[in-house]
Amino acid sequence: MADTLDRALLEWYDSRRRDLPWRRQRDPYRIWVSEVMLQQTRVETAIPYYLRWLERFPDLLSLARAPEEEVLALWSGLGYYSRARNLHAAVREVASRYGGEVPRDPDAFAALPGVGEYTAGAVLSIAYGLRLPAVDGNALRVLVRLGALEGDITRTAVRREAVRLAARLVPEDRPGDFNQALMELGGSVCVPRRPRCGDCPITAWCEARRRGLEGVLPRRTRRPAAPAVPLAAALIRDGSGRVGLARRPAVGLLAGMWGLPAFEVGAETPAGAVAAALERHLEEAHGLRVRVGPPVARARHVFSHRTWEMTAFAGDLLEAPPEGPGWRWLTPGELEGFPLPRAFSRLVEAAGLVPAAPAGRPERRRSTR
DNA sequence: AATGCGGGGAT
DNA sequence: ATCCCAGCATT
């Protein structure tokens with residue numbers, strides 16, 4: 001076995017690294033896209049989105065030139081939509097300010113929207129070979145065990161300590177591979193519960209293992225359960241059977257995405273008054289005069305911090321709606337391929353307007369038989 | 001320093 | 001049910 005931690009880890013990585021789409025080249029733009037998609041997202045989830053993204057936006061300038069609507073459409077279903085908006089804005093800044101070349105300077109790169117300490121370290125170490133740490137959730141767990149850091153990892157101080165440890169460990173030679181190896185080790189061997197220390201290439205250096213703490217580290221206070229929030233949505237048809245969609249506000253949950261017009265029902269609204277409250281919401285938020293009828297579909301959607309208990313009410317349009325950038329009508333056929341966030345696509349499915357979507361998220365195939 | 005922000009897979 | 005994922009911006 002190699003006699004230093006970094007050599008042992010790199011040897012392990014060389015023998016078992018996965019063949020991932022973003023590991024086939026070192027184009028900084030492509031590495032960057034992968035790192036943003038992978039923020040809080042599993043590798044297997046991101047891959048189909050990544051491939052489709054690069055087909056449409058093969059280089060930085062093609063993304064910089066694209067309209068935001070198309071960018072969000074390609075991201076839809078992946079979640080955390082500000083990632084897409086920030087990446088789009090950042091790429092435009094690189095195009096205009098840096099001549100289309102991703103800056104090598106860590107401070108300049110990290111100043112771009114959506115680029116934090118992790119993403120800067122990952123992109124610059126992988127694409128440019130800079131000796132920078134990149135500590136994601138997986139690497140954090142490895143580092144906490146390696147150094148037997150006993151503090152609560154939800155605290156900033158403990159995370160900083162882990163980053164300092166990583167900065168000490170990352171070698172001049174192959175820093176990008178080292179960072180990826182640390183992450184991959186956390187994802188496959190140094191897993192949250194019951195780590196497979198027998199398969200670990202750096203167990204000889206692991207302080208938690210030496211002290212018998214590998215099963216209890218990292219320590220973390222648990223999050224409170226997400227509250228359930230009722231959501232009232234309107235399923236409004238126009239004279240020709242099309243369905244009304246509203247663009248959500250630019251800030252907040254699902255910001256800027258399209259969905260059924262909807263609002264979160266507060267505790268002050270009794271169950272019997274929801275329909276009337278929905279009518280008021282449609283009037284105030286969209287200038288629509290609608291008579292809200294009976295509920296036609298229900299669905300539950302779990303976010304990380306709240307759960308929507310969704311009810312869709314049928315709505316009869318009393319008066320022609322105003323045209324505008326925040327409102328559009330789609331036929332059920334158009335709805336089927338439309339980039340809706342999952343919460344709304346599920347609700348529309350429950351209403352029987354479109355067939356249930358196929359398992360693969362990104363390829364919204366039209367009619368596969 | 002804590003919170004908001006998606007969606008899904010593993011246990 | 002709970003945890004957690006190649007995190008970042010905002011407060």
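Proteins get letters first, then strands, A, B, ... in listed order; numbering begins at 1 in each.
- Between A:Asn86 and A:Ser34, the residue anchored nearer the 5' end of DNA chain C, judged by the nucleotide with its closest heavy atom, is A:Ser34.
- Comparing A:His301 and A:Ala157 against DNA chain B, the residue whose closest nucleotide sits nearer the 5' end is A:Ala157.
- Residue contacts for A:Gly186: at a heavy-atom cut-off of 4.0 Å it reaches no nucleic acid atom on any strand shown.
- Between A:Arg220 and A:Asp152 there is no salt bridge, since no side-chain N of the basic residue sits under 4.0 Å from a carboxylate O of the acidic one.
- In terms of position on DNA chain B, the residue among A:Arg194 and A:Arg155 whose nearest nucleotide sits closer to the 5' end is A:Arg155.
- Contact annotation: A:Arg193 side-chain N/O to B:dA10 OP1/OP2 distance is not under 4.0 Å.
- The separation between A:Leu347 atom CG and B:dG6 atom P is 17 Å, rounded to whole Å.
- Looking at heavy-atom distances under 4.0 Å, A:Val43 makes contact with a base.
- Comparing C:dC4 with B:dG6, their C1' atoms are spaced 13 Å from each other, to the whole Å.
- Among the heavy atoms of the strands, none lies under 4.0 Å from A:Arg300.
- Between A:Gln40 and C:dC5 there is no side-chain polar atom (N or O) within less than 4.0 angstrom of OP1 or OP2.
- Side-chain N/O atoms of A:Arg223 include none lying less than 4.0 angstrom from OP1 or OP2 on C:dC3.
- Using a cutoff of 4.0 Å between basic side-chain nitrogens and carboxylate oxygens, A:Arg145 and A:Glu214 are not scored as salt-bridged.
- Atoms CG (A:Asp152) and C1' (C:dC4) sit 15 Å apart, rounded to a whole Å.
- Residue contacts for A:Glu117: at a heavy-atom cut-off of 4.0 Å it reaches the sugar-phosphate backbone alone, with no base atom in range.
- For C:dC5 and B:dA1, the C1' atoms lie 22 Å apart once the distance is rounded to whole Å.
- Listed pair A:Arg220 / C:dC4 meets the phosphate criterion, a side-chain N or O lying under 4.0 Å from OP1 or OP2.
- Taking atom P in both B:dA10 and C:dA6, one finds a spacing of 12 Å when rounded to whole Å.
- In this structure, A:Phe303 atom CZ and C:dC3 atom P are separated by 20 Å, rounded to whole Å.
- For the OP1/OP2 pair of C:dC3 and a distance below 4.0 Å, the side-chain nitrogens and oxygens of A:Arg222 include at least one atom meeting the criterion.
- At the phosphate of B:dC5, neither OP1 nor OP2 sits under 4.0 Å from any side-chain N or O atom of A:Ser82.
- Distance alone, capped at 3.5 Å, places no donor-acceptor pair between the A:Arg85 side chain and the A:Glu68 backbone.
- For C:dA1 and B:dC5, the P atoms lie 24 Å apart once the distance is rounded to whole Å.
- For A:Glu172, the CD atom counts as loosely surrounded, since its 6.0 Å shell holds 12 or fewer non-hydrogen atoms of other residues, nucleotides or ligands.
- In this model, the phosphate group of C:dC8 is approached by a side-chain N or O of A:Thr119 to a distance below 4.0 Å at OP1 or OP2.
- Where A:Ala110 and A:Arg23 meet DNA chain C, the nucleotide closest to each residue was compared, and A:Arg23 sits on the side nearer the 5' end.
- Distances shorter than 4.0 Å separate some side-chain N or O of A:Tyr81 from OP1 or OP2 on B:dG7.
- Using a 4.0 Å cut-off between a side-chain N of Lys or Arg and a carboxylate O of Asp or Glu, A:Arg7 and A:Glu11 do not qualify as a salt bridge.
- Ion pairing between A:Arg52 and A:Glu55 fails under the 4.0 Å rule for side-chain N and carboxylate O.
- Residue A:Leu140 is classed as having no contact, given no heavy-atom separation below 4.0 Å to the nucleic acid.
- Contact annotation: A:His305 side-chain N/O to B:dG4 OP1/OP2 distance is not under 4.0 Å.
- Judged by atom type and distance alone, A:Ser304 does not reach the base of B:dG4 through any side-chain donor-acceptor pair under 3.5 Å.
- Ring centroid separation for the pair A:Trp32 and A:Phe109 comes in under the 6.0 Å cut-off.
- Remark: P of C:dC5 and OH of A:Tyr49 are 20 Å apart, rounded to the nearest angstrom.
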